[in-house]
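What follows is a single structure, written as structure tokens, with notes after it.
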Amino acid sequence: MDEDRHERIRAAVAAIPEGCVATYGDVAAEVGEASARLVGRVLSEDGSDLPWHRVLRANGSSAPQILDEQHARLRAEGVEIRDGRVVLANHRVASGWIF
DNA sequence: GCCATGGCTAGTA
DNA sequence: GCCATGGCTAGTA
């Protein structure tokens, strides 16, 4: 079932540690079968307490409708934001998580 | 048809 | 900015 894939996406997002971030593509790669686009959709439809704010676009930016809340939450976890986006360069680690 | 994406290009500073 | 892509959803036949 497709719900299976959605569940794996949610599990991958849930596993991102506090203070760390990943890109939609990272999460998709982690799950294996998911496209980055699907990750965005699943998160947008999710109503649970998933740490969706730790998932960013490939360049560290955010879709406008979530930007304010996302940045507020990330700052609260100590993630630095410059020029309206999280700086991802040189922070990528082998597992795909970024810190 | 719609997008909480991503990559690549042109055009400005 | 623009276009390609993937996956889901609404709305018609």
Side-chain angles (χ1 to χ4, degrees):
Chain A
M1 199 192 273
D2 269 340
E3 193 49 37
D4 217 47
R5 178 163 45 182
H6 289 208
E7 188 47 47
R8 293 207 302 279
I9 290 173
R10 286 188 285 266
V13 172
I16 305 172
E18 183 177 332
C20 300
V21 295
T23 67
Y24 292 100
D26 287 335
V27 174
E30 191 77 11
V31 169
E33 293 284 339
S35 69
R37 192 132 210 158
L38 179 61
V39 174
R41 183 181 290 272
V42 167
L43 290 183
S44 74
E45 290 169 350
D46 186 79
S48 72
D49 56 354
L50 239 44
W52 57 266
H53 59 282
R54 296 176 189 147
V55 185
L56 302 158
R57 287 176 173 168
N59 66 0
S61 68
S62 304
Q65 63 265 47
I66 58 166
L67 188 143
D68 287 351
E69 179 66 18
Q70 184 159 41
H71 285 189
R73 290 187 184 207
L74 288 176
R75 269 192 293 266
E77 297 186 355
V79 175
E80 188 189 355
I81 292 156
R82 282 203 301 260
D83 298 323
R85 63 196 194 87
V86 175
V87 181
L88 303 180
N90 303 322
H91 294 274
R92 193 175 291 273
V93 293
S95 68
W97 308 134
I98 296 161
F99 60 96

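Chain letters run A, B, ... following the sequence lines, proteins first and then strands; every chain starts at 1.
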> Tell me, for nucleotides 3-13 of chain B in 5' to 3' order, what letter each nucleotide earns: B for a base near a protein heavy atom under 4.0 Å, S for only sugar-phosphate near one, - for neither?
Replying inline: BBBSS------
>> I'd like to know if A:E77 pairs up with A:R73 as an ion pair, taking the criterion as any Lys NZ or Arg NE/NH1/NH2 lying under 4.0 Å from an Asp or Glu carboxylate oxygen.
In response: no
> Hey, is the main chain of A:V55 close enough, under 3.5 Å, to the side chain of A:Q70 for a donor-acceptor pair?
Replying inline: yes
>> Within this structure, what is the CZ-NE2 distance for the pair A:R41 and A:H6, rounded to the nearest 0.5 Å?
In response: 8.5 Å
> Which base sits across from B:dG1 as a Watson-Crick or G-U pair, both distances under 3.5 Å?
Replying inline: C:dC8
> Picking from A:L50, A:V39, A:D4, A:D46, what satisfies side chain to side chain contact (heavy atoms under 4.5 Å, CB included) with A:I9?
Replying inline: A:V39
>> Does A:E33 reach a base, just sugar-phosphate, or nothing at all? Heavy atoms under 4.0 Å.
In response: sugar-phosphate
> What distance separates A:R10 CZ from A:E45 CD, expressed to the nearest 0.5 Å?
Replying inline: 9.0 Å
